[in-house]
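Report on one structure; see the data block that follows.
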Amino acid sequence: MSDLLDFLNPQQQQAVAAALGPTLVLAGPGSGKTRVLTYRIAYLIGALNVPAYRILAVTFTNKAARQMEDRVQKLIGEQVSGLWLGTFHSVCGRILRREADLLPVNQNFVIFDANDQLALMKEIVRESNLDEKLYRPSSLLDAISRAKNDLIEPENYPVRNFRDEQVQRFFIQYQQRLVKNNAMDFDDMLVYTNRILEDYPVVRETYGHKFEHILVDEFQDTNLAQYAILRLLAQKNRNLYVVGDEDQSIYRWRGADYRNILRFQQDFKDAKTILLEQNYRSTQNILDGAMAVIDHNRNRTAKKLFTDAKRGEKINLIIAQDDREEADLVVSAIHNAITHQKLSPGSFAIMYRTNAQSRLLEEAFRRVGMSYRLVGAQRFYGRREVKDLIAFMRLVYNPMDEVSLRRVINLPPRGIGDKTVEKVANLAARENLSMGETLLGLAAGNPDLHEALGREASRLAAFGRMLRSWRDCAEKNPITVLFDRILEDVGYQAHIQDQSEEGLDRWENVLELRMVALEYEEQGLQAFLESMALVADQDTLPETIDAPTMLTLHAAKGLEFDQVFITGLDEMLLPHSRSRDDEEDLAEERRLLYVGITRARKRLTLTRARRRRSPYGSYEETIPCRFLDDIPAELLQGSPQDIPGRFSYGRDSGYSRWETPSWMRSAPPLREAPKTRYKPGMQVQHATYGRGVVKASKLEHGDETVEVYFEGFGLKALVASLAKLEIL
């Protein structure tokens, strides 16, 4: 072990060889925190002769735990045997099995996953005779999980209004049902571990003695319950060694609380704080840009990131005319760099704030015939909510499509179970009809069909009537009217949009699909469905291909790429509209951009669009992301004088484009749009919508797009060559 420290830089050496006692290692991105944790464990065992079984090391993923154990074993061999190393939940699970006699469940308890929890809560809501749309099981579980993460017992749940009273009631029933099932959920594993350590001094003393040293990775991502467990376990020996970075805390919505770093410093006032600031990933220009962004956050320890690598290229900024051009420019730049510079496709990453933003990028990749990888989510057209809505519309177009019918007949749940569906299928076969035709016959009042289906007939007829009304709507109206009618009739928004992050993202995907439907206003439902069928093959692309990666900024944590594009740097996207009224949420949005910037090794490109299309057809002018204003001009590609007023937040001015860097100059040049035929204020006539007034017009992908306000129909975006507008 004598030369162990020779492989580390001075700050890493200080961290690995730190004296015993509470220690906080604040590790900047790319500074080798995993290396420090691994060497610290090896140092304790090999240099200080601490038995491995007296060490507890906690990580956030099983993968991280396996990697850490492998690295330690390579350093010190079999001496690692007996080390407790795992995730919080795996460690708590081992403790709880041993101490099960202190729990309300026995040693053979089961752990309910998310699906089990949802099924249980649905059962409780149904038994309470309450409307699932008002008391959504997923929303109730989300509230209960937040309470458990904050160590709030059901009886102490804060009640401020009637809904809180109901949540508390469901909380109590839910816990009772879990115990009855000899089960616990993932949050209970933390709650019960904290409870027995808090309530039973002998247990606390036993594990406090056993774990002479406790090491924690990604400490900024711990919640209150996890920190409470660590504090109790470390009471005896006080050798709590935590590694993290408050600047990379981006999971607040999942319960993570970066303030645990402040709590640690308050609870262990003699703790040593060691900074890891030398970066082994990015160029200095990228690091300087990242620091310029994050330095505006409060409640953090200032760090001066530096690297021995070259200063590198300046950060590039692309300002597109609209969101479609933004996607095309990014993909064209990647395509040309791969084609002409022979760069590896896998060295590129495109990052964005929300999953819905991937759609335009996916389509841009398809237009140039390039494969891509999508991390952390299904491809846009493979997402459940997107496939749901396409299935509804396929059924409207073709009632004989039994695959689509089976997908949507009980979506959202309307009491039509599998047995009822099979009964319809059998009846349809006997009558030589399709299932869709059978439902339409029920809707028309066919007495024989009603009699054959018995008491299930009324629910089935109700769905048949909706299907009939949608078909009538499709014959007389543009595709988006049909789209909206389906959403309203089935209550789809209420079905998917609870207050969880996932529910809000899913609704954003629905609105994104509506924007796709807008593009087929003139061609109609058939063309829309044919287009959807053509993209289906993309959903089967293997994830292991050497291709550019697309991912959200949240999913980018822990990854790195040579070339990084961060798109959608406009207010309402980043920072997200849901974060604008909360100071802590805004601080996390800033951290999110910081994490994205520090994923880049060699080149970083930031992009935004002057205007973006809304789900309802109109283009909306955008405001630049406020964080852009924090990046010094000398770090950016191009001349600051090209941009009047720089990026003062809230100013809606016309910004010129930055100079295109040499490595992207083979991409399509950015030009001012040529003159258009239709001018604002013109009166026009449309065969379906009647008389209207032109609000705006632009050339887009070789054709003119015209925004026209029609009395009774509102604002419509039309492709001029298809709309056949008559100028009055």
Side-chain angles (χ1 to χ4, degrees), residues 58-62 65 84 86-130 132 135-157 164-200 203-204 207 222-230 232-233 251 253-256 413 417 498-503:
V58 186
T59 67
F60 266 82
T61 67
N62 290 314
W84 272 49
T87 65
F88 272 98
H89 289 93
S90 66
V91 169
C92 289
R94 292 178 69 177
I95 293 174
L96 293 173
R97 298 285 181 193
R98 294 183 175 196
E99 311 299 334
D101 57 329
L102 303 176
L103 300 173
V105 293
N106 67 42
Q107 190 177 33
N108 297 320
F109 65 82
V110 294
I111 300 168
F112 274 16
D113 64 16
N115 290 331
D116 299 325
Q117 296 170 49
L118 190 61
L120 179 58
M121 185 58 79
K122 283 182 175 179
E123 184 180 329
I124 295 170
V125 173
R126 279 196 299 270
E127 291 175 1
S128 301
N129 295 317
L130 291 173
E132 279 193 34
Y135 296 94
R136 296 179 55 78
S138 57
S139 181
L140 292 168
L141 287 169
D142 189 52
I144 291 170
S145 178
R146 288 197 301 271
K148 289 182 177 182
N149 285 339
D150 289 337
L151 296 175
I152 298 173
E153 301 283 348
E155 295 76 13
N156 299 325
Y157 187 83
D164 288 344
E165 288 182 16
Q166 297 300 312
V167 172
Q168 183 185 44
R169 183 163 68 87
F170 283 117
F171 193 175
I172 292 171
Q173 292 182 55
Y174 174 70
Q175 285 306 114
Q176 291 171 344
R177 290 292 187 90
L178 283 172
V179 172
K180 185 178 178 181
N181 282 273
N182 195 40
M184 64 177 70
D185 61 24
F186 288 112
D187 296 319
D188 284 331
M189 299 177 76
L190 303 176
V191 171
Y192 284 137
T193 301
N194 179 76
R195 186 184 299 170
I196 61 176
L197 292 174
E198 185 85 58
D199 295 348
Y200 297 94
V203 175
R204 183 169 66 248
Y207 286 98
T222 55
N223 59 35
L224 186 61
Q226 290 163 335
Y227 175 65
I229 291 169
L230 295 171
L232 289 166
L233 288 173
Y251 300 118
W253 50 275
R254 225 161 54 186
D498 52 27
Q499 295 308 307
S500 70
E501 190 83 7
E502 180 187 3

Find the distance between [atom1] ([X]) and [atom2] ([Y]) and round it off to the nearest 0.5 Å.
X: Lys180; Y: Gln175; atom1: NZ; atom2: CD; result: 15.0 Å
X: Asn156; Y: Phe171; atom1: CG; atom2: CZ; result: 9.5 Å
X: Asn181; Y: Phe112; atom1: CG; atom2: CZ; result: 4.0 Å
X: Asn223; Y: Asn149; atom1: CG; atom2: CG; result: 4.0 Å
X: Leu140; Y: Lys122; atom1: CG; atom2: NZ; result: 12.5 Å
X: Leu197; Y: Tyr192; atom1: CG; atom2: OH; result: 14.5 Å

**OP:** May I have the step-by-step check of side chain to side chain contact (heavy atoms under 4.5 Å, CB included) for Tyr174 and Gln117, ending in yes or no?
**Re:** CA-CA 9 Å; Tyr174 174 70; Gln117 296 170 49; 3.3 Å; yes
Non-hydrogen atoms of [X] and [Y] that approach each other most closely:
X: Ile95; Y: Trp84; value: CG1-CZ3, 4.2 Å
X: Leu102; Y: Ile196; value: CB-CG2, 4.0 Å
X: Cys92; Y: Thr193; value: CB-OG1, 3.3 Å
X: Lys148; Y: Asp188; value: NZ-OD1, 2.9 Å
X: Ile124; Y: Gln173; value: CG2-OE1, 3.5 Å
X: Val167; Y: Ala143; value: CG1-CB, 4.0 Å

Counting distance only, does the side-chain N/O of [X] pair as donor-acceptor with the main-chain N or O of [Y] below 3.5 Å?
X: Arg97; Y: Phe109; answer: yes
X: Asn106; Y: Asn182; answer: no
X: His89; Y: Phe186; answer: yes
X: Gln107; Y: Asp101; answer: no

Original post:
Would you call Glu99 and Arg195 a salt bridge, taking side-chain N to carboxylate O under 4.0 Å as the test?
Top reply: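 Salt bridge: no.
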**OP:** Could you tell me whether Arg146 and Asp150 make a salt bridge, using a distance below 4.0 angstrom between a side-chain N and a carboxylate O?
**Re:** no
Original post:
Under the side chain to side chain contact (heavy atoms under 4.5 Å, CB included) criterion, do Leu96 and Met184 qualify, and how do the steps go?
Top reply: CA-CA 11 Å; Leu96 293 173; Met184 64 177 70; 3.8 Å; yes
**OP:** Would you mind reporting whether Tyr227 and Leu151 have side-chain heavy atoms less than 4.5 Å apart?
**Re:** no
Subject >> Check against side chain to side chain contact (heavy atoms under 4.5 Å, CB included), Ile144 and Met121 >> reply: CA-CA 11 Å; Ile144 291 170; Met121 185 58 79; 3.5 Å; yes
**OP:** May I have the step-by-step check of side chain to side chain contact (heavy atoms under 4.5 Å, CB included) for Leu232 and Tyr207, ending in yes or no?
**Re:** CA-CA 9 Å; Leu232 289 166; Tyr207 286 98; over 6 Å; no
Subject >> Residues which pass salt bridge (charged side-chain N to carboxylate O under 4.0 Å, His left out) with Arg177, listed by chain and number, not counting sequence neighbours >> reply: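 With sequence neighbours excluded, Arg177 shows a salt bridge (charged side-chain N to carboxylate O under 4.0 Å, His left out) to Glu123, Glu127, given in chain and number order.
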